[in-house]
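Atoms within a ligand are numbered from 1 in the order they appear, just like the ligands themselves.
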Amino acid sequence: MAQITQGVRSILSSPAVYSIFQNLMGAHRFRRRFVDDFVRPFVGCTVLDIGCGPADILAYLPEVNYFGFDISDAYIARANSRFGELGKFQSKALTSTDIEKMPSFDIVLVLGVLHHLDDEVAVGVLRLANQALGPGGRLLTVDPCLELGQNPIARFLIRIDRGQNVRTRTGYTSLASAVFESPRVEVRHNAWIPYTHCFMECTRR
Ligand SMILES: C[S@@+](CC[C@H](N)C(=O)[O-])C[C@H]1O[C@@H](n2cnc3c(N)ncnc32)[C@H](O)[C@@H]1O
């Protein structure tokens, strides 16, 4: 995984610090809008969250059948202690065999993960997402995005991100296009704390 885990950014490996930092960056409002605009969950739907971190998104979902995977033991421990029975959390990289043992999914989330992965690993994750989706299921992704003319503060904040594979809209689109037909891609600029996100919505191929 291409991620900076040394220096001052190493403290973000602590789940509590990570969640506090996210909230300071406006994550509460961001997640509420993201769920309303893009995820559009319904009660009882199946949700797979690849790279779930401490699973903070669960606080914004209705009662769903949630499965979260993350390679960080500390983040999964935090998810378990905070959400317990509300989800099934596993501390490992998701595999094709894991998917065969789970129900098919209405919603797959890959939130803030692709910008940590090189192209080959990222496409592998997107292939797993496609395999996990059931009929009518959708994959949603969101990542920081570099764009010409974006707010310089947004560009600075994105440049110091732990993820070493932040892409442009074109870069994210070509990743998704390697697996999905006609991904819907949207770039949004946040004004309050300047930031630029790239959202993608993909349906099963
Ligand atoms: C920026 S965090 C995002 C966490 C969470 N999705 C969120 O929105 O708060 C990126 C996460 O991806 C996880 N990760 C990176 N590569 C992964 C992989 N191949 N499989 C599962 N998790 C991975 C990291 O451990 C980290 O928790």
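Residues passing the side chain to side chain contact (heavy atoms under 4.5 Å, CB included) test with A74, sequence neighbours excluded: P15, S72.
The shortest separation from a heavy atom of D70 to ligand 1 is under 4.0 Å, placing the residue in contact. The closest approach between any non-hydrogen atom of R31 and ligand 1 is below 4.0 Å. In this structure, V121 falls outside the shell of residues with a heavy atom less than 4.0 angstrom from ligand 1. The shortest separation from a heavy atom of I71 to ligand 1 is under 4.0 Å, placing the residue in contact.
The ligand atoms of ligand 1 that sit less than 4.0 angstrom from a heavy atom of L117 are 16 (N). Near H116, meaning under 4.0 Å from one of its heavy atoms, ligand 1 places the atoms 1 (C), 10 (C). Applying the 4.0 Å criterion to heavy atoms of V113 picks out, from ligand 1, the atoms 12 (O). Distances below 4.0 Å separate heavy atoms of G112 from the following atoms of ligand 1: 1 (C), 2 (S), 3 (C), 10 (C).
L94 is listed as a side-chain neighbour of L48, based on a closest heavy-atom distance under 4.5 Å. At a threshold of 4.5 Å between non-hydrogen side-chain atoms, the residues N151 and H189 do not count as touching.
Residue contacts with ligand 1: V125 is placed with no nitrogen or oxygen under 3.5 Å of a nitrogen or oxygen of the ligand (distance criterion only). At under 3.5 Å, not a single nitrogen or oxygen of Y75, backbone or side chain, sits near a nitrogen or oxygen of ligand 1.
Here the side chain of T46 pairs a donor or acceptor atom with the backbone of D106 at under 3.5 angstrom. Panel note: side chain D143, backbone H115; a donor-acceptor pair is recorded below 3.5 Å.
Cluster partners of V64 are F30, F34, V35, F38, V39, V47, I57, L58, Y60, L61, Y66, I76, F83, L86, F89, I107, L109, L111, L140, V142, F199, counting Ile, Leu, Val, Met, Phe, Trp and Tyr whose side-chain heavy atoms approach within less than 4.5 Å, directly or via other members.
Enclosure of atom CD in E100 by more than 12 non-hydrogen atoms of other residues, nucleotides or ligands within 6.0 angstrom is indicated.
With a 4.0 Å heavy-atom cut-off, ligand 1 is reached by the backbone of C52 but not by any atom from C-beta on.
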Could you check R78 against D70 for salt bridge (charged side-chain N to carboxylate O under 4.0 Å, His left out), going step by step and ending with a plain yes or no?
CA-CA 11 Å; R78 165 86 177 160; D70 200 287; over 6 Å; no
